[in-house]
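Below is one structure, written out as structure tokens; the observations come after it.
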Amino acid sequence: MNEHLNPNSISQQADHLEEEMMHELERVVSKSTLHYLADGEVKMDTSAALWAKHPGAVFNMGPDPRLPPMPAKPTLLDYFKCRFAQHAHLLQSATHALKAGHNEKVILACLLHDIGVVSFIRCDHGYWGAQMIEPYVDEEVSWAVRTHQALRFFPDEAAGYKYPEMYIKLFGDDYKPEPYIVAEYERARNHKWYMTSRLICVNDIYSFDPNMKVNLDDFVDIIGRNFRQPEEGLGLDNSPSAHMWRTMMWPNRFL
Ligand SMILES: [Fe+2]
Ligand SMILES: [Fe+2]
């Protein structure tokens, strides 16, 4: 039987068409060039190419429905819970610093030192992380987060920091820090906050210890006292780095 004359098939086709129309009304999610670059492609999503695939579509300009929803006025803790891909390393480092009796600036710096990695971009994570938190923390904390990018490649055995075995495994024994990292280290060595950044390295836990009990709740008060949470919500304020938090919140907005 010719299937075009089959009433079932016609109603199936109608269902299919309706489904397609629904999809057409969905907001199409696009990717930033950076996502493609990270996959080894120099490429971008253009409206013409997306329309060719999804005729008549409109593009997502808000939250990505596939990601955990963020509250209307997000806090740093909401980003920890909904956007940071991992907490364990940060919590373990901060717990180490807490147990060693360091001051709250050091503990906060340890807690936030790798937020660039866990939520944003690996390359130059110390610089990205520092910039993200700069408007909200004491200058010493963001300076330390920025500078740990360089210090972690240089041992300071008197301070209790050896070159990490893990780095030999990760980068090979022939890896040499680039000149901009060496220059950052040289500048940091005699800086008044050198030890704050060095203590990030000392408390940086390179191997995950499954027996170490860590809990974000242990740091809520320290965050409350040392991180200036904007009233409008982190990312919805007017700080110089608010756009970075918004980008984490809405990574697939078309513009
Ligand atoms: Fe780091
Ligand atoms: Fe780290």
Side-chain angles (χ1 to χ4, degrees), residues 76-77 79-80 84 86-120 122 124-171 175 177 180-209 211-228 241:
L76 178 63
L77 289 175
Y79 282 93
F80 260 91
F84 292 5
Q86 260 188 37
H87 307 157
H89 172 68
L90 295 174
L91 293 179
Q92 286 195 358
S93 297
T95 302
H96 236 250
L98 184 70
K99 285 188 177 159
H102 292 301
N103 68 47
E104 293 199 349
K105 282 184 202 169
V106 171
I107 297 168
L108 186 73
C110 288
L111 183 69
L112 301 178
H113 78 283
D114 280 342
I115 60 169
V117 172
V118 301
S119 69
F120 212 60
R122 278 188 171 277
D124 276 336
H125 73 284
Y127 297 94
W128 286 107
Q131 202 174 357
M132 284 158 67
I133 61 175
E134 207 142 46
Y136 313 107
V137 298
D138 193 283
E139 199 185 340
E140 183 177 346
V141 174
S142 55
W143 186 90
V145 169
R146 176 175 288 109
T147 311
H148 98 278
Q149 169 84 34
L151 291 196
R152 70 216 161 103
F153 292 114
F154 299 90
D156 180 347
E157 305 218 359
Y161 184 77
K162 289 184 183 159
Y163 186 80
E165 289 279 314
M166 180 62 105
Y167 281 6
I168 299 174
K169 244 184 172 174
L170 288 172
F171 314 127
Y175 172 71
Y180 79 95
I181 294 282
V182 177
E184 190 78 87
Y185 167 67
E186 301 289 343
R187 283 193 298 273
R189 233 174 7 180
N190 298 313
H191 196 279
K192 61 180 170 177
W193 293 327
Y194 169 79
M195 258 335 263
T196 312
S197 189
R198 181 50 83 187
L199 284 170
I200 293 180
C201 306
V202 172
N203 290 284
D204 211 343
I205 310 296
Y206 289 97
S207 53
F208 182 77
D209 175 358
N211 298 317
M212 191 167 177
K213 282 213 161 131
V214 287
N215 194 334
L216 186 54
D217 294 342
D218 294 345
F219 300 100
V220 169
D221 289 345
I222 290 178
I223 292 173
R225 284 190 290 270
N226 296 279
F227 189 92
R228 289 182 291 275
S241 69

For atom [atom1] of [X], is the number of surrounding heavy atoms from other residues, nucleotides or ligands below 6.0 Å larger than 12?
X: W143; atom1: CH2; result: yes
X: R189; atom1: CZ; result: yes
X: Q86; atom1: CD; result: no

Worksheet item: Step by step, would you call I222 with L111 a side chain to side chain contact (heavy atoms under 4.5 Å, CB included)?
Response: CA-CA 10 Å; I222 290 178; L111 183 69; over 6 Å; no
Taking the side chain as every heavy atom from C-beta outward, state whether [X] and [Y] have any atom pair closer than 4.5 Å.
X: I223; Y: L108; answer: yes
X: D138; Y: N226; answer: no
X: H102; Y: N203; answer: yes
X: V141; Y: F227; answer: no

Worksheet item: Hey, is R146 close enough to E184 for a salt bridge, meaning N to O under 4.0 Å?
Response: no
Would you compute the distance between atom [atom1] of [X] and atom [atom2] of [Y] and round it to the nearest 0.5 angstrom?
X: T196; Y: H191; atom1: OG1; atom2: NE2; answer: 9.5 Å
X: R152; Y: S197; atom1: CZ; atom2: OG; answer: 10.5 Å
X: R198; Y: F154; atom1: CZ; atom2: CZ; answer: 9.5 Å
X: C110; Y: Q92; atom1: SG; atom2: CD; answer: 12.5 Å
X: F84; Y: L112; atom1: CZ; atom2: CG; answer: 7.0 Å
X: T95; Y: F219; atom1: OG1; atom2: CZ; answer: 3.5 Å

Practice prompt. Can you label the angle between the F171 ring and the Y175 ring as parallel, tilted or perpendicular, going by 30° and 60°?
Written response: tilted
Worksheet item: What class does the angle between the rings of H113 and H148 fall in, given that below 30° is parallel, 30 to 60° is tilted and above 60° is perpendicular?
Response: perpendicular
Discussion item. Run the side chain to side chain contact (heavy atoms under 4.5 Å, CB included) test on Y194 and T147 for me, step by step, so that the C-alpha distance in whole Å, both residues' side-chain angles and the decisive distance to 0.1 Å come before the verdict.
Written reply: CA-CA 8 Å; Y194 169 79; T147 311; over 6 Å; no
Discussion item. Tell me the closest heavy-atom pair linking Q149 and G126, and the distance in Å.
Written reply: OE1-N, 2.7 Å
Discussion item. Looking at every non-hydrogen atom in both residues, tell me the closest pair between V106 and A97 and how far apart they are.
Written reply: CG1-CB, 4.4 Å
Item to complete: Check for a donor-acceptor pair, side chain of D124 on one end and backbone N or O of Y127 on the other, with a separation under 3.5 Å.
Response: no
Worksheet entry | Pair I133-I115, side chain to side chain contact (heavy atoms under 4.5 Å, CB included): steps then yes or no | CA-CA 9 Å; I133 61 175; I115 60 169; 3.6 Å; yes
Fill in: Worked check of side-chain hydrogen bond (donor to acceptor under 3.5 Å, both in side chains) between H96 and D204
CA-CA 8 Å; H96 236 250; D204 211 343; over 6 Å; no
Practice prompt. Before giving the answer on side chain to side chain contact (heavy atoms under 4.5 Å, CB included), spell out for S241 and Y136 the whole-Å C-alpha distance, their side-chain angles and the decisive distance to 0.1 Å.
Written response: CA-CA 9 Å; S241 69; Y136 313 107; 3.7 Å; yes
